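Shown next, in structure tokens, is the structure this report addresses.
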Number of protein chains: 2
Amino acid sequence: MSETELDLEVKTPRRKTRQNKIVDILATKVACKECSLHQLCLPSSIDGNDLEKLDNIIERKRPLKRNDHLFQVGGQFTSIYVVRSGSLKTYSPTVDGQEQVTGFHLPGELLGLDAIGKGMHPCAAKALETTSVCEVPFENLELLAQELPTLQHQLLRLMSKEIFDDQELMLLLGKKTAEARLSAFLLSISLRFKQRGFSSTEFYLSMSRNDIANYLGLAVETVSRMFTRFQEDGIIDAERKHIVINDREAMQQIAGINECCEDIAAEETQKTL
Amino acid sequence: MSETELDLEVKTPRRKTRQNKIVDILATKVACKECSLHQLCLPSSIDGNDLEKLDNIIERKRPLKRNDHLFQVGGQFTSIYVVRSGSLKTYSPTVDGQEQVTGFHLPGELLGLDAIGKGMHPCAAKALETTSVCEVPFENLELLAQELPTLQHQLLRLMSKEIFDDQELMLLLGKKTAEARLSAFLLSISLRFKQRGFSSTEFYLSMSRNDIANYLGLAVETVSRMFTRFQEDGIIDAERKHIVINDREAMQQIAGINECCEDIAAEETQKTL
DNA sequence: TTATAAACTTGATATTTATCAATTTAATCA
DNA sequence: TGATTAAATTGATAAATATCAAGTTTATAA
């Protein structure tokens with residue numbers, strides 16, 4: 001959304017100056033409008049001055065290394081974040097000292113929306129690999145949304161999307177077998193890669209089996225057995241984190257999702273800013 | 001939020017006219033500021049003219065009888081709703097023709113936030129008893145939120161709260177035993193009644209055991225057995241839908257919630273408009 | 001590079017909860 | 001009101017998944 005990763009590291013923070021043409025050109029290079037996530041990230045109706053305004057409130061973050069935290073549980077809420085590259089998991093501590101993985105976040109996806117209500121982060125966010133994010137200070141975003149109706153609308157849409165997605169996951173956790181959960185999970189990841197222009201049939205999972213199991217409310221052993229079963233049945237190839245989906249239709253069958261549903265989801269989905 | 005139930009039935013819709021003092025007085029009687037849910041419902045900083053503006057966009061709905069639908073799956077999204085009295089359940093159809101209960105909604109709580117993203121309702125809402133709601137046309141609300149920063153903020157807070165709550169439920173569904181789920185459910189209902197000024201130790205459940213089981217991802221029989229167990233242990237008294245909580249601490253223990261957490265939740269909670 | 005730890009897989013067993021079946025109790029309607 | 005239906009409870013059994021234990025592969029660091 002803001003700058004590319006490389007630029008992030010090389011350049012020092014700077015404010016754009018409208019007056020200076022040269023600076024403007026440089027700035028443009030690394031601004032939202034040049035970002036590869038542009039069409040994912042922005043309400044399509046935003047452009048020109050408005051885009052620049054949005055661009056101006058977005059801050060750079062130094063890339064996170066694997067296992068670095070973007071924020072911790074109980075940390076003060078100041079910003080929401082957009083994944084630029086890499087991936088993160090969010091998780092909360094449970095009473096018995098365990099952790100509960102609440103989500104995985106791929107490029108173009110948002111983090112921190114659950115913290116607005118209480119002003120503090122109810123979960124922690126940890127990078128699963130080298131990851132860079134754009135930071136969007138929430139106060140500024142609110143002010144800007146006050147000015148730009150389409151931005152306000154987009155914000156509300158995104159939060160609504162998140163609520164909807166969570167409800168789908170609740171259904172998964174409440175009603176589906178281990179098999180169906182893992183299948184739905186893989187299809188979800190596949191779809192999200194597809195939306196970002198990557199292959200939907202072949203990809204790398206950045207999270208461990210443990211994280212997947214935790215997220216799906218299963219034991220690691222069960223997840224492992226399901227991976228094995230899918231492979232035996234020839235539905236997928238899985239070499240550790242490298243996944244190839246051979247029979248998407250079979251997976252949809254197992255997950256209890258019909259193709260139609262998923263396509264609609266694909267078209268409508270914009271879990272992004 | 002808008003008018004009282006009785007007024008709803010007796011009067012025909014009318015627009016308030018600023019010029020006419022008499023009409024204004026009549027209107028005031030049934031307006032937001034007179035509503036018993038006022039302090040639950042509104043950002044405390046809204047008053048005077050702003051309150052009147054909000055009041056103006058809210059529409060009346062004829063009370064729903066038990067099993068009436070407020071909206072259906074796939075129905076066009078136009079408004080969000082605030083429960084005024086009574087209660088509703090929301091549910092989605094699943095692939096295998098079953099239904100999945102996604103939530104229960106008590107007075108002061110919102111419905112429809114999950115529909116903003118796609119512009120259509122992903123779930124249906126059905127009254128569990130005689131129920132009246134205030135309808136808030138979303139376009140108008142968006143326009144008004146554009147004008148009133150505190151309203152925009154409140155909206156975002158509410159949606160964030162919903163996301164947070166859903167994540168708590170995901171934890172429940174993914175990681176907790178049947179016992180813990182039912183206990184947490186009863187504590188949640190208890191807390192919500194408390195926030196509305198009703199007893200937190202004695203209340204009526206408007207939903208069936210079937211709905212509870214469905215919501216918690218359990219079989220009816222299991223829920224029934226857990227009710228029996230809680231009674232045998234003296235933690236609750238349950239006479240059908242009439243529940244008395246005898247030992248809240250034991251329930252928190254079982255649910256895996258510590259008192260501290262719940263108190264914080266109680267203070268902060270405003271799942272309302 | 002080797003040593004050590006972490007992640008993953010597989011098998012055997014235990015536990016939880018669903019399912020099936022039957023009964024009881026309450027609610028609804030003619 | 002009584003008849004009929006729906007909701008709730010209880011018991012017996014089956015199925016799914018967790019847990020425990022051990023071994024294997026991969027990753028990490030000295």
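First the proteins, then the strands, lettered A, B, ... as listed; each starts at 1. The structure presented is a predicted model; accordingly, all values stated were derived computationally and were not measured. Values below: every heavy atom of this structure, side chains too, minus hydrogens, waters and symmetry copies.
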Exercise. Stepwise, does the ring-ring contact (aromatic ring centres under 6.0 Å, His included) test hold for B/Y91 with B/Y215?
Worked result: CA-CA 9 Å; B/Y91 64 96; B/Y215 178 67; over 10 Å; no
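Here A/K65 does not pair with A/E129 in a salt bridge; the nearest charged N to carboxylate O distance is not below 4.0 Å.
Taking atom CG of A/N214 as the reference point, atom P of D/dT19 lies 12 Å away to the nearest angstrom. As rounded to whole Å, 12 Å separates atom P of D/dT17 from atom CG of A/L216. Atom CG in B/L182 sits roughly 14 Å away from atom C1' in D/dA8 (whole-Å rounding).
For the pair A/M170 and B/T102, the tightest heavy-atom approach, listed with the atom from each and the gap, is CE-O, 3.8 Å. Counting all heavy atoms, side chain and backbone alike, A/F185 lies closest to A/L205 at CE2-CD2, 4.5 Å.
Using a 3.5 Å distance cut-off with no hydrogens or angles, the side chains of B/E202 and B/H242 do pair a donor with an acceptor. Side-chain contact annotation: B/R84 with B/T131, donor-acceptor N/O pair under 3.5 Å absent. Side-chain contact check for A/S79 and A/E135: at least one donor-acceptor pair (N or O, by modelled atom type) lies under 3.5 Å. Inspection of the A/R192 and A/S200 side chains reveals no N or O donor paired with an N or O acceptor under 3.5 Å.
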In residues 216-236 of chain B, what donor-acceptor pairs under 3.5 Å come from side-chain atoms, sequence neighbours left out?
unit_1	atom_1	unit_2	atom_2	d
B/T228	OG1	B/S224	O	2.9
B/R229	NH1	B/E179	OE2	2.8
B/Q231	NE2	B/A238	O	2.9

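B/A178 comes within contact range of the sugar-phosphate backbone alone, with a heavy-atom separation under 4.0 Å but no base atom that close.
Residue whose closest nucleotide on DNA chain D sits further toward the 5' end, between A/G217 and B/E221: B/E221.
Taking the ring centroids of B/F203 and B/F198, they lie at or beyond the 6.0 Å cut-off. Residues A/Y81 and A/F71 bring their aromatic ring centres within 6.0 Å.
In the 5' to 3' direction, nucleotides of DNA chain C lying under 4.0 Å from heavy atoms of chain A begin and end at C/dC8 to C/dA12.
A distance of 14.0 Å separates NE2 in A/H105 from NZ in A/K126, rounded to the nearest 0.5 Å.
Listed by chain and residue number, B/E99, B/D211 satisfy the salt bridge (charged side-chain N to carboxylate O under 4.0 Å, His left out) test with B/K89 (two or more places apart in sequence, or in another chain).
For DNA chain D, no neighbouring residue in residues 205-213 of chain A is found when judged by any heavy atom under 4.0 Å. Within residues 223-243 of chain B, the residues that have a heavy atom under 4.0 Å from DNA chain C are, in order of number, B/R225, B/R240.
Rounded to 10 degrees, the angle separating the terminal axes of the helix from C/dT1-D/dA30 to C/dA30-D/dT1 is 50°, with each axis obtained from five end pairs.
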